[in-house]
Amino acid sequence: MEFNIIKKSKKSRARLGLLNTDHGVVETPALVTVATQASIKTLTSEEAESVGSQLLIANTFHLHLRPGENIVKNAGGIHKFMNWNRPLMTDSGGFQVFSLGFGSDLNIGKSVKKNSNLIAMPAHAGRVGQSKEVIKEGSNPKNVKITDDGVYFSSPIDGRKLFIGPKESVRIQESLGADIIFSFDECPPPLASKAYIAQSLNKTNRWAEICIKTKKSKQALFGIVQGSRFKDLREQSAKYTNSLGFDGFGIGGDFGKDKKETSDIILWSTKYLDPKKPRHMLGIGHPEDIENVIKNGIDTFDCTVPTHYARRGIAFLDDKGKRLDLRKSKFLKDQKPLDPKCSCNVCRSYRRSYLCHLIKANEITGMHLLTLHNLYFFNSYIAGIREKIKRGTI
RNA sequence: GUGGCUGUAGCUUAGCGGCAAAGCACCGCUCUGUGGCAGCGGGGAUCAUGGGUUCGAAUCCCAUCAGCCACC
């Protein structure tokens, strides 16, 4: 992999780049389309390409559980396995371990929103005080056991007792054969105390070294910056991760409750990173978040929103929060195209009335059409941002 | 025609003398390193109709109507 920055904005920290891999080039900034189980849900690989997706991200954890990395390896690697001949990354599985653990214990995502009432909620995993930090150092989630070596857990599919640590994650990712792979990290919950985050960071850093030592392949390996919402921990994490000689970086964990906090967190996380290397933000964003993230110097980011929301009946129309919820019956009588301003095949051919019917009837065709539209919308919206960087307006 | 069973929210049903419930559907809201999952909140009923018994009836009794089943 090779990363070339072809333009740096004078107005912001945004950068225009070309990410070269053995499977082609990605124009950055770019959204990475999520294909967790080697599938862009409801779409074929060709269809994902047809709506402008340049790069996919699949998941180590899911593919290890099913079908198992050897199946993929024997099929000729993940590109051949899923007939995607363009660039592809695999996530390390660290986040999925969090989802199984504290995530499901507390029923939370990786960020806590402003209006969250979690603080008042009794937590299984720690003391509830007046502070937000309900998870203390040394505490462990119920379904997984996190040790210094890695994570013990039982398979949500068949209950098998399993273990994934940094070595295992890298070996699995080598078998899968993506162009870019990620270091195995711990994604601590947003409510964790500073002491817990600091301890978790030590683990992530040690695991990063092991990942680098383990890797034998030519795949690009990205290290992950953690540190939650704490400036000193983010900076410390960035400095250390940068020192290890990764090919690029991921930024993970809690991104705060609003744009300002997200901007701060990105700044702290990237300030001490080699500016010539690519930076991937893990798990963001809504259309409203994207420009901000790009302006803060992020090159790629993956998000389930375009595909996941499509399956829930939501179509995105602009970057200011305008969307259509096709589950609402009022659209049964709406004869307008999905988005009159959009030029994707779905908007050119299908009207809201029909799409609403499909979604309400739980027809996969409805999810399929909305997935096509949403990915087209996100990909072309971001292509527009690349144009703006080129023209110097962002 | 005779006998039996059943009529409770839009649908499927629970409740069988003491504040009318649930699931689905409907309406609203959540769900950023993906179960198509899930969660939260809401509106909804002359308990088939009419009479009776009772302090009190969806519940017991009688009649009527409707549906289903069996038998002449």
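Below, read A as the first sequence line, B as the second, and so on, with proteins coming before strands; counting in each chain starts at 1. Just so it is clear, the model here is predicted, and its values are computed rather than measured.
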For the pair [X] and [Y], find out whether any cationic side-chain nitrogen is under 4.0 Å from an anionic carboxylate oxygen.
| X | Y | value |
| --- | --- | --- |
| Asp258(A) | Lys260(A) | no |
| Lys276(A) | Asp274(A) | yes |
| Asp325(A) | Arg327(A) | yes |
| Lys295(A) | Glu291(A) | yes |

In whole angstrom, give me the gap between the [atom1] atoms of [N] and [M].
| N | M | atom1 | value |
| --- | --- | --- | --- |
| U59(B) | A63(B) | P | 16 Å |
| A38(B) | U46(B) | C1' | 38 Å |
| U49(B) | A66(B) | C1' | 10 Å |
| U54(B) | G44(B) | C1' | 31 Å |
| C11(B) | A70(B) | C1' | 28 Å |
| C19(B) | A57(B) | C1' | 14 Å |
| C61(B) | G67(B) | P | 24 Å |
| A21(B) | A14(B) | C1' | 7 Å |

For G35(B), glycosidic torsion class - syn if within 90° of 0, otherwise anti: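 What G35(B) shows is a syn base, its glycosidic angle lying within 90° of 0.
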
Determine which nucleotide pairs with [N], using a 3.5 Å limit on both distances of a Watson-Crick or G-U wobble pair.
| N | result |
| --- | --- |
| C24(B) | G10(B) |
| G33(B) | none |
| U53(B) | none |
| U2(B) | A70(B) |
| U46(B) | none |

CG/Leu332(A): more than 12 non-hydrogen atoms of other groups inside 6.0 Å: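 More than 12 heavy atoms, drawn from other residues, nucleotides or ligands, come within 6.0 Å of this atom.
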
Most 5' of Val305(A) and Ile364(A) on RNA chain B, judged by nearest nucleotide: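 Its nearest nucleotide being more 5', the pick is Val305(A).
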
Whichever of Gly252(A) and His308(A) has its nearest RNA chain B nucleotide further upstream toward 5':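 Whichever sits nearer the 5' end wins; that is Gly252(A).
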
What is the nucleic acid contact for [X], judged by heavy atoms within less than 4.0 Å: base, sugar-phosphate only, or nothing?
| X | result |
| --- | --- |
| Asp91(A) | base |
| Tyr309(A) | sugar-phosphate |
| Glu288(A) | nothing |
| Ile57(A) | nothing |
| Val34(A) | base |

Within this structure, what is the [atom1]-to-[atom2] distance between [X] and [N], rounded to whole angstrom?
| X | N | atom1 | atom2 | value |
| --- | --- | --- | --- | --- |
| Ile284(A) | C31(B) | CD1 | P | 13 Å |
| Phe182(A) | G33(B) | CZ | P | 13 Å |
| Ile251(A) | U32(B) | CD1 | C1' | 15 Å |

Distance-only donor-acceptor test, Asp185(A) side-chain atoms vs G33(B) base atoms, 3.5 Å: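 Indeed there is one.
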
Pair of N/O donor and acceptor under 3.5 Å linking U32(B) base with Asp289(A) side chain: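 Pair found.
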
[N] phosphate, OP1 or OP2, under 4.0 Å from [X] side-chain N/O:
| X | N | value |
| --- | --- | --- |
| His62(A) | G33(B) | no |
| Lys328(A) | G28(B) | yes |
| Lys330(A) | C27(B) | no |
| Thr304(A) | G33(B) | yes |

Ring-face cation contact, Tyr152(A) with Lys145(A), 6.0 Å cut, 45° max: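 Lys145(A) over Tyr152(A) ring: no.
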
Cationic tip of Arg351(A) above Tyr354(A) ring, under 6.0 Å, 45° of axis: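 The answer is no, since Arg351(A) fails at least one limit relative to Tyr354(A).
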
Among C27(B), G33(B), U32(B), the nucleotide that comes nearest once only the side chain of Ser329(A) is considered: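 Nearest to the side-chain atoms of Ser329(A), counting from C-beta on, is C27(B).
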
Nucleotide nearest Lys360(A) when distance is taken to its side chain, options U32(B), G33(B), C27(B):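 The answer is C27(B), which lies nearest to the side chain.
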
